[in-house]
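A short worksheet on the structure shown next.
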2 protein chains.
Amino acid sequence: MLSRGRSMAGSRAARRALGSPAEMLEDGYMSLAKPAFPAPDHDHGRCTADALAHAEVVCEQRAQKFTPIRRQVLGALLSSHRPLGAYEIIDELAKSMARPAPITVYRALDFLMANGLVHRIESRNAYLACAAHDHDSTSAVAFLICERCGLVGEIPSSSFAKDLNAAARSSGFAPKLSVVEITGVCTHCQKMS
Amino acid sequence: MLSRGRSMAGSRAARRALGSPAEMLEDGYMSLAKPAFPAPDHDHGRCTADALAHAEVVCEQRAQKFTPIRRQVLGALLSSHRPLGAYEIIDELAKSMARPAPITVYRALDFLMANGLVHRIESRNAYLACAAHDHDSTSAVAFLICERCGLVGEIPSSSFAKDLNAAARSSGFAPKLSVVEITGVCTHCQKMS
DNA sequence: AAATAATCGTAAGCTTGCTTATTATATGCA
DNA sequence: TGCATATAATAAGCAAGCTTACGATTATTT
């Protein structure tokens with residue numbers, strides 16, 4: 001069967017193994033700004049708090065309101081580093097409040113995406129809390145989706161984006177929005193055999 | 001509104017303008033094997049016939065059966081260079097036969113994808129007849145999706161794929177399947193202002 | 001000819017994604 | 001206080017995407 005996108009079981013179970021993000025590669029490709037993948041043992045409470053704080057700053061700067069539902073939707077996404085479908089978000093929120101209607105979640109997602117706090121993973125019809133707070137909204141971001149644990153890392157815009165756009169332009173095409181989603185196995189899952 | 005994927009209006013109307021696929025680019029990026037985009041005035045009958053002939057060869061080589069529905073589904077996809085959703089395919093087929101059930105179309109699509117004759121465009125939940133008959137099934141293909149006319153071109157695996165994989169590996173990620181879908185405006189639509 | 005496997009059709013239904021109302025509740029400000 | 005704007009909730013529903021179950025064909029093999 002070749003279908004995809006519906007079944008994202010994803011075992012969120014804790015894993016051992018430390019992350020050792022390569023700084024330089026055999027083929028000489030330079031490492032990027034920061035490790036794209038969240039280590040399984042990272043301080044998640046902190047990482048969540050940071051992201052929420054960042055969201056508050058962004059909203060304040062833009063004079064946008066970071067309302068409770070918006071915060072809760074972002075919180076639900078932050079609770080894992082996995083992309084969640086809209087209905088998964090609803091299920092998640094239903095645990096701690098009256099089950100919100102789809103429209104409520106979609107509005108919050110629209111808001112969060114418009115403000116660069118959340119990405120949409122096209123190949124999964126799912127949403128992901130944005131990890132890299134420093135990429136400008138116009139440039140492409142590549143997502144690394146681990147098919148084992150379901151976690152998603154980001155590669156911030158880098159040389160590949162230039163190449164990609166150049167390749168597109170070489171056939172006369174004017175690229176605008178790029179969707180780059182790479183499925184594979186993350187460092188941590190590789191170590192588990 | 002940030003939604004996408006449902007409304008693919010797509011005017012298939014004939015267009016003027018000749019394709020002049022750039023061979024070399026200002027930034028020195030070399031042109032790829034063949035023009036990625038189908039010119040609006042290309043010999044579509046021929047292109048369809050070629051693709052069907054190719055499909056027959058492939059199936060024979062693999063001792064697979066190229067049955068009527070499979071041919072018809074491929075034919076429906078070939079009738080445009082646009083990606084079609086499963087239900088659009090059903091609508092298309094309904095014009096020339098008894099409306100097929102979803103399962104029927106999905107089965108044919110599974111077959112066609114398994115044999116490399118059709119691609120799935122993840123960001124649209126849609127399917128596209130494969131244009132480049134020479135890319136090996138493992139390597140990445142980038143799709144160029146024109147937001148004006150809806151046509152889709154392919155960039156066969158090239159240098160960018162290497163870079164992309166290298167970038168992924170540089171964070172310890174083992175890439176398998178890459179989804180690279182670039183939205184923008186194609187040569188022909190650019191010329192129409 | 002019988003058995004097996006592959007393919008196809010019919011019928012039904014489920015989940016997800018997303019939308020359209022319409023009405024309420026804040027929030028700011030004049 | 002009154003009014004406007006932004007935000008949210010409630011209710012209902014559509015359509016796309018995909019699946020399960022099962023019986024009927026049609027090859028293919030033995």
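Naming convention: chains lettered A, B, ... in sequence-line order (proteins, then strands); numbering from 1 in each chain. Side-chain atoms are counted along with the backbone in the values below, which use heavy atoms only and exclude waters and symmetry mates.
- Straight-line distance from the CD atom of Gln72(B) to the P atom of dG9(C): 9 Å, rounded to whole Å.
- Shown here for Ile90(A) and Pro102(A), the closest heavy-atom pair between the two residues is CD1-CA, 3.7 Å.
- You'll find the side chain of Glu154(B) reaches within 4.5 Å of the side chain of His119(B), heavy atoms only.
- Of the two residues contacting DNA chain C, namely Lys65(B) and Pro102(B), the nearest-nucleotide position lying further toward the 5' end is that of Lys65(B).
- Rounded to an integer number of Å, the gap from Leu109(B) CG to dA16(D) C1' is 14 Å.
- Listed pair Arg70(B) / dT7(C) meets the phosphate criterion, a side-chain N or O lying under 4.0 Å from OP1 or OP2.
- Distance CD1/Ile145(B) to CZ/Arg82(B): 11.5 Å, rounded to 0.5 Å.
- Taking atom CD1 of Ile103(A) as the reference point, atom C1' of dT16(C) lies 15 Å away to the nearest angstrom.
- At a threshold of 4.0 angstrom between heavy atoms, the contacts of Phe111(A) with the nucleic acid are absent.
- A close approach under 4.0 Å does not occur between any side-chain nitrogen or oxygen of Tyr87(A) and OP1 or OP2 of dT16(C).
- Rounded to a whole Å, the CG atom of Asp91(A) is 11 Å from the C1' atom of dT15(C).
- Distances shorter than 4.0 Å separate none of the side-chain N or O atoms of Arg124(A) from OP1 or OP2 on dG17(C).
- Considering only side-chain N and O atoms, Tyr127(A) lies under 4.0 angstrom from the phosphate OP1 or OP2 of dC18(C).
- The distance between atom CZ of Arg99(B) and atom C1' of dA16(D), rounded to the nearest whole Å, is 13 Å.
- For dA9(D), one of the phosphate oxygens OP1 or OP2 lies less than 4.0 angstrom from a side-chain nitrogen or oxygen of Thr104(A).
- With contacts defined as side-chain heavy-atom distances shorter than 4.5 Å, the pair Arg70(A)/Cys59(A) does not qualify.
- The interatomic distance linking Ile69(B) (CD1) with dT25(D) (P) rounds to 16 Å, in whole Å.
- Following rounding to the nearest Å, Gln64(B) (CD) and dC8(C) (P) show an atom-to-atom distance of 11 Å.
- Of the side-chain N and O atoms in Arg107(B), none sit less than 4.0 angstrom from OP1 or OP2 of dT19(D).
- Residues passing the side chain to side chain donor-acceptor pair (under 3.5 Å) test with Glu56(B) are Arg71(B), sequence neighbours excluded.
- Look at CZ on Phe66(B): it is 20 Å from P on dA6(C), rounded to the nearest Å.
- Across all strands, Ala101(B) comes closer than 4.0 Å to base atoms (heavy-atom distances).
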